[in-house]
Structures are given as structure tokens and as C-alpha cells.
Amino acid sequence: DAGVTQSPTHLIKTRGQQVTLRCSPKSGHDTVSWYQQALGQGPQFIFQYYEEEERQRGNFPDRFSGHQFPNYSSELNVNALLLGDSALYLCASSLAAAFKNIQYFGAGTRLSVL
Amino acid sequence: QKEVEQDPGPLSVPEGAIVSLNCTYSNSAFQYFMWYRQYSRKGPELLMYTYSSGNKEDGRFTAQVDKSSKYISLFIRDSQPSDSATYLCAMSANTNAGKSTFGDGTTLTVKP
């Protein structure tokens, strides 16, 4: 049973560019949440997708957007990258019918903005 | 001030010691409390979750929640070198299931 998979593992971009990160949830899960984890800090909630719609959003600007596909996989897009966007981006999946707080995390995508 | 404050550590203990990890929070709406373990260059792994106040035990791990004091703890008994990792507390309100607010983590090293 595959867990949460994220791609790519690492990414290097320059300021002003755009980036797309991808996530495949754990088999059977239908809800995907995205978190940003800066070095030495805990993950911060970006947004959550369920039934292909954004259901909840954290305190992140509109430069951060996402999408969920019919197969429950998800993308995180960040436009006009800033140096401060350098972080580990984590995807977490859960099952809405069970307990959304039981989240399984992927290994993350490490984004470096130069 | 952050909603969730976690003892920053780092914490270094000898193998076999009892470890206590702690978090405080300010949002009284939090009802779900989780502990995650994160190894270097890995995603967080859910260890324990509890609802409202009380204790929950799972093997060598015990989670305690005191909502009156807004204080949660994770105890690790008979600590092992393999327990060396960063431990993150996380919390969620009933109305925001799946939107977890995390502490900044405590790094634990268990020395053989």
C-alpha cells in the first residue's frame, strides 16, 4: 500500500518564477492538505482540498493556489516566488468520512528560491 | 504570540530514560491533540492523537491533555536511540478538522 507520494523531491527556482508541486494521497484517502515547513519551525497549514474544492485556507497570500483532480491527487502552485518561499512543502492526506485529523504526510518537496 | 508553544530543546537523554515533551496553547477551541515524530529529511509521522482532556497510552508512549491548563504532554518510557527525532505537537478545532496548528518541535537525542 503506497503512502503519500510527492514530487519532485527537490527544486531550485529563482525569484519571480512559478512552481508546481504534486501530491498523490495514500490509497483510499480523499482529502489533501498542504503545509509549508520553514527550517527549524513546525508545519504551517496552507489549504485543504476535498471533492476538488478548496475547503479551508491558512494565512497565505493568493500567490499560493491549488487544485485537486478526480483521482484525489493534488497540485500546489506558487506564483511570483519570493526568497521567503524557500521551505519544505508537505502534503498530508486523510479520509473525510473517518477522522480528518488523522493525517498521513509525504516526505515533502524541498524548494529553494535563489 | 504563537497559538502553540513547544519547549524548544534540544533534549539529550541516556538510553532507557523517561522523556517528557510539552506544549502549551492559547486557543480554547482546540479539541484534537496530536503528536508527530519527524526524522531528518522525512515528513511527520503521526504517533498519538487524543480528543479533549485525558490520557492515552500506546506502548511506550503516553499522551496527556489538560484542557483547563491548556497544556499537553507526551511521555516516552524506556527511550531508545531510534527515538532520536524531532517531536511536533499539533492541535485542531472541531470546526476545522484537518487544519492542524503545529508547535515548532523539540529535537530529542537518545544516547546509547
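Hydrogens, waters and symmetry mates play no part in the numbers below; they use all other heavy atoms, side chains included.
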Quiz item: Do the side chains of Leu46(B) and Tyr104(A) get nearer than 4.5 Å, heavy atoms only?
Solution: no
Quiz item: Side chains of Met34(B) and Gln103(A): does their closest heavy-atom pair fall under 4.5 Å?
Solution: no
Name the region of [X], side chain, backbone, both or neither, that has any atom closer than 4.5 Å to a heavy atom of chain B.
{"X": "Arg57(A)", "result": "backbone"}
{"X": "Leu88(A)", "result": "side chain"}
{"X": "Gln37(A)", "result": "side chain"}

Self-check item: Shortest non-hydrogen contact between Arg41(B) and His10(A), atoms and distance
Solution: NH1-NE2, 4.2 Å
Quiz item: Are more than 12 heavy atoms from other residues, nucleotides or ligands located less than 6.0 Å from atom CG of Asn59(A)?
Solution: no
Quiz item: Is Lys56(B) atom NZ crowded by more than 12 heavy atoms from other residues, nucleotides or ligands, each under 6.0 Å away?
Solution: yes
Indicate, with yes or no, if [Y] and [X] share a hydrophobic cluster defined by side-chain heavy-atom contacts under 4.5 Å among Ile, Leu, Val, Met, Phe, Trp and Tyr.
{"X": "Val113(A)", "Y": "Ile46(A)", "answer": "yes"}
{"X": "Leu11(B)", "Y": "Leu74(B)", "answer": "yes"}
{"X": "Phe30(B)", "Y": "Tyr49(B)", "answer": "no"}

Quiz prompt | Option in Pro43(A), Gly108(A), Ser33(A) with maximal non-hydrogen atom pairs under 4.5 Å from chain B | solution = Pro43(A)
Quiz item: Would Phe102(B) and Phe45(A) count as a close aromatic pair, with their ring centres under 6.0 Å?
Solution: no
Quiz item: Looking only at atom types and distance, does a side-chain atom of Tyr35(A) sit under 3.5 Å from a main-chain N or O of Ser100(B), one as donor and one as acceptor?
Solution: yes
Quiz item: What part of Gln38(B) lies closer than 4.5 angstrom to a heavy atom of chain A: side chain, backbone, both or neither?
Solution: side chain
Practice problem: Would you mind checking which part of Tyr39(B) comes under 4.5 Å of any heavy atom in chain A, side chain (CB onward), backbone (N, CA, C, O), both or neither? | Solution: neither
Quiz item: Which residue out of Pro44(B), Gly105(B), Ala90(B) racks up the most heavy-atom pairs below 4.5 Å with chain A?
Solution: Pro44(B)
